[in-house]
Protein chains: 2
Amino acid sequence: MKLTSKGRYAVMALVDLARFDNINPVSLRDISLRQGISLDYLEQIFSKLKKDQIVKSIRGTQGGYVLSKKPNEIKLTNIFHAVDEKVKTVQCKKESKKGCNGKATKCVTHNLWDELETHINTFFEKKSLEDLLKNNTEQRA
Amino acid sequence: MKLTSKGRYAVMALVDLARFDNINPVSLRDISLRQGISLDYLEQIFSKLKKDQIVKSIRGTQGGYVLSKKPNEIKLTNIFHAVDEKVKTVQCKKESKKGCNGKATKCVTHNLWDELETHINTFFEKKSLEDLLKNNTEQRA
DNA sequence: ACTATACTTGACCAATTTAGTCAGGTATGT
DNA sequence: ACATACCTGACTAAATTGGTCAAGTATAGT
């Protein structure tokens, strides 16, 4: 079970954005250089972030991206959801009321995976961009 | 971030094994039929479980597998470790004392991923096979 | 001794996903 | 007009996944 780079990059880019968008919109080029992420790839990621209204875009020279909410209102869940980074532990194709994969009973580990998914998602729902920013400035001090 | 079927199958198979190995060794064929997992694939998985001494094998007719420890001594961590289902959130190739990927500073989200990894692993370290067995018999009642 | 059962090992493979690249656009401030 | 920077979609190489297939070896029962 691993995180995809799309999810990781999205969070890295947004932390970067949050640190610099107070003055001017931040161009993807800058983020690309600072975070070492390919510009083309960033464009894909930001188009998704924009679709989910996590960022706003400003076109033209001196344009770039800005957060469309406050850092404490942007949770990891929101970011991951935007870039299709989803937590998937259960695979049962067909789940009826009482059974998995058409069987009469729930598969023996079904509850376990549900529990795990909840456990992970709770983590993502609690953490906001602001938390990460704090953590980061503390480190520099 | 998703669980691979190797990890899922390993846990399912071991729960099955734990329920039936009190009387006789359990053959992979039986597990295969009960859990709907391909026999060939189960063989791969059990060879790993055996290597990590989670199960013992008995060859020949009436042979099969048996747990080599008590269910409460087998944690999810042990199972996942055996079948190479590892939790990987951080990707930084080179991490020196203070930096990632050769840079001077830790990447802004490094602590976050570490935290997430710990959060998930804690879950795996707490859960034992016994917990799953209990949960399962409760369900049938 | 023979045979059926069941573990053992390793090679192989198709499909999917991932992590991007590439090649064009379009909008806008100066 | 022109440079900057967003926008969009097609494409692809490499890795991973989720297996299958083939050819063993060990052992219990007859």
Side-chain angles (χ1 to χ4, degrees), chain A residues 1-13 17 20-21 24-52 54-66 68 80 83-86 88-89 91-93 101, chain B residues 1-10 12-13 17 20-21 24-33 35-66 68 80 83-89 91-93 101:
Chain A
M1 73 177 323
K2 65 170 187 234
L3 213 61
T4 66
S5 73
K6 213 162 228 165
R8 250 182 314 113
Y9 287 170
V11 177
M12 287 170 72
L17 185 58
F20 293 104
D21 78 342
N24 292 312
V26 181
S27 73
L28 294 188
R29 198 172 151 279
D30 286 353
I31 298 179
S32 164
L33 291 173
R34 276 195 296 260
Q35 302 299 327
I37 304 169
S38 130
L39 177 59
D40 286 317
Y41 203 26
L42 273 179
E43 284 175 345
Q44 277 184 44
I45 293 169
F46 271 76
S47 105
K48 289 174 189 241
L49 292 175
K50 191 190 169 187
K51 206 178 59 200
D52 270 29
I54 291 169
V55 295
K56 278 183 292 197
S57 65
I58 294 111
R59 292 186 135 193
T61 320
Q62 304 301 322
Y65 285 94
V66 192
S68 56
F80 283 156
V83 298
D84 297 314
E85 172 85 63
K86 34 192 169 228
K88 261 206 147 187
T89 57
Q91 292 293 81
C92 319
K93 308 283 183 199
N101 294 324
Chain B
M1 79 174 320
K2 66 170 188 234
L3 212 62
T4 66
S5 72
K6 214 162 229 165
R8 251 183 311 114
Y9 288 170
M12 287 171 71
L17 185 58
F20 293 104
D21 77 342
N24 292 312
V26 181
S27 72
L28 293 189
R29 198 172 151 279
D30 286 352
I31 296 179
S32 164
L33 291 172
Q35 301 299 329
I37 304 169
S38 129
L39 178 59
D40 285 318
Y41 203 26
L42 273 179
E43 284 174 344
Q44 275 184 47
I45 292 169
F46 271 76
S47 104
K48 289 173 188 243
L49 292 174
K50 190 190 170 189
K51 206 179 58 200
D52 271 29
Q53 292 170 320
I54 291 169
V55 296
K56 278 183 292 197
S57 65
I58 294 111
R59 292 185 133 193
T61 319
Q62 304 301 322
Y65 284 94
V66 192
S68 56
F80 283 155
V83 298
D84 297 314
E85 171 84 63
K86 36 192 168 227
V87 178
K88 260 204 148 188
T89 57
Q91 292 293 82
C92 318
K93 306 285 181 198
N101 294 325

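Sequence lines set the chain letters: A, B, ... in the order given, protein chains first and strands last, and positions in each chain run from 1.
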Taking atom [atom2] of [N] as reference, at what distance in whole Å does atom [atom1] of [X] sit?
X: B/Leu3; N: C/dT17; atom1: CG; atom2: P; answer: 16 Å
X: A/Leu28; N: D/dC7; atom1: CG; atom2: P; answer: 8 Å
X: A/Gln44; N: C/dA19; atom1: CD; atom2: P; answer: 12 Å
X: A/Tyr9; N: C/dT18; atom1: OH; atom2: C1'; answer: 11 Å
X: B/Asp21; N: C/dC7; atom1: CG; atom2: P; answer: 13 Å
X: A/Lys48; N: D/dC6; atom1: NZ; atom2: P; answer: 18 Å
X: A/Phe46; N: C/dG20; atom1: CZ; atom2: C1'; answer: 17 Å
X: B/Leu39; N: C/dT9; atom1: CG; atom2: P; answer: 15 Å

Tell me if a side-chain donor or acceptor on B/Ser32 pairs with a main-chain N or O of B/Ser38 at a distance below 3.5 Å.
no
A/Ser57 side-chain N/O to A/Tyr65 backbone N/O, donor-acceptor pair under 3.5 Å
no
Starting at the 5' end of DNA chain C, which residue's closest nucleotide do you reach first, B/Gln62 or A/Thr4?
B/Gln62
Would A/Thr4 and A/Glu85 count as a side chain to side chain donor-acceptor pair (under 3.5 Å) if you check the C-alpha gap in whole Å, the side-chain angles of each, and the deciding distance to 0.1 Å?
CA-CA 7 Å; A/Thr4 66; A/Glu85 172 85 63; 2.4 Å; yes
Just to be sure I understand the rule, does [X] reach a base, reach only the sugar-phosphate, or reach nothing, if contact means heavy atoms closer than 4.0 Å?
X: A/Ser47; answer: nothing
X: B/Val26; answer: sugar-phosphate
X: A/Ser57; answer: sugar-phosphate

A/Lys48 NZ: over 12 foreign heavy atoms closer than 6.0 Å:
yes
Out of [options], whichever nucleotide has its closest atom nearest the side chain of [X]:
X: B/Ser27; options: D/dC6, D/dT25, C/dA6; result: C/dA6
X: B/Glu43; options: D/dC7, C/dA19, C/dT9; result: C/dT9
X: B/Ser38; options: C/dT21, D/dT8, D/dT20; result: D/dT20
X: A/Arg59; options: D/dT17, C/dG25, D/dT20; result: C/dG25
X: B/Tyr41; options: C/dT17, D/dG19, C/dT9; result: D/dG19

Respond yes when some side-chain nitrogen or oxygen of [X] is under 4.0 Å from OP1 or OP2 of [N], and no when none is.
X: A/Tyr65; N: D/dA5; result: no
X: A/Thr61; N: D/dC2; result: no
X: B/Lys6; N: D/dG18; result: no

Within this structure, what is the OG-CD1 distance for the pair B/Ser5 and B/Ile45, rounded to the nearest 0.5 Å?
6.5 Å
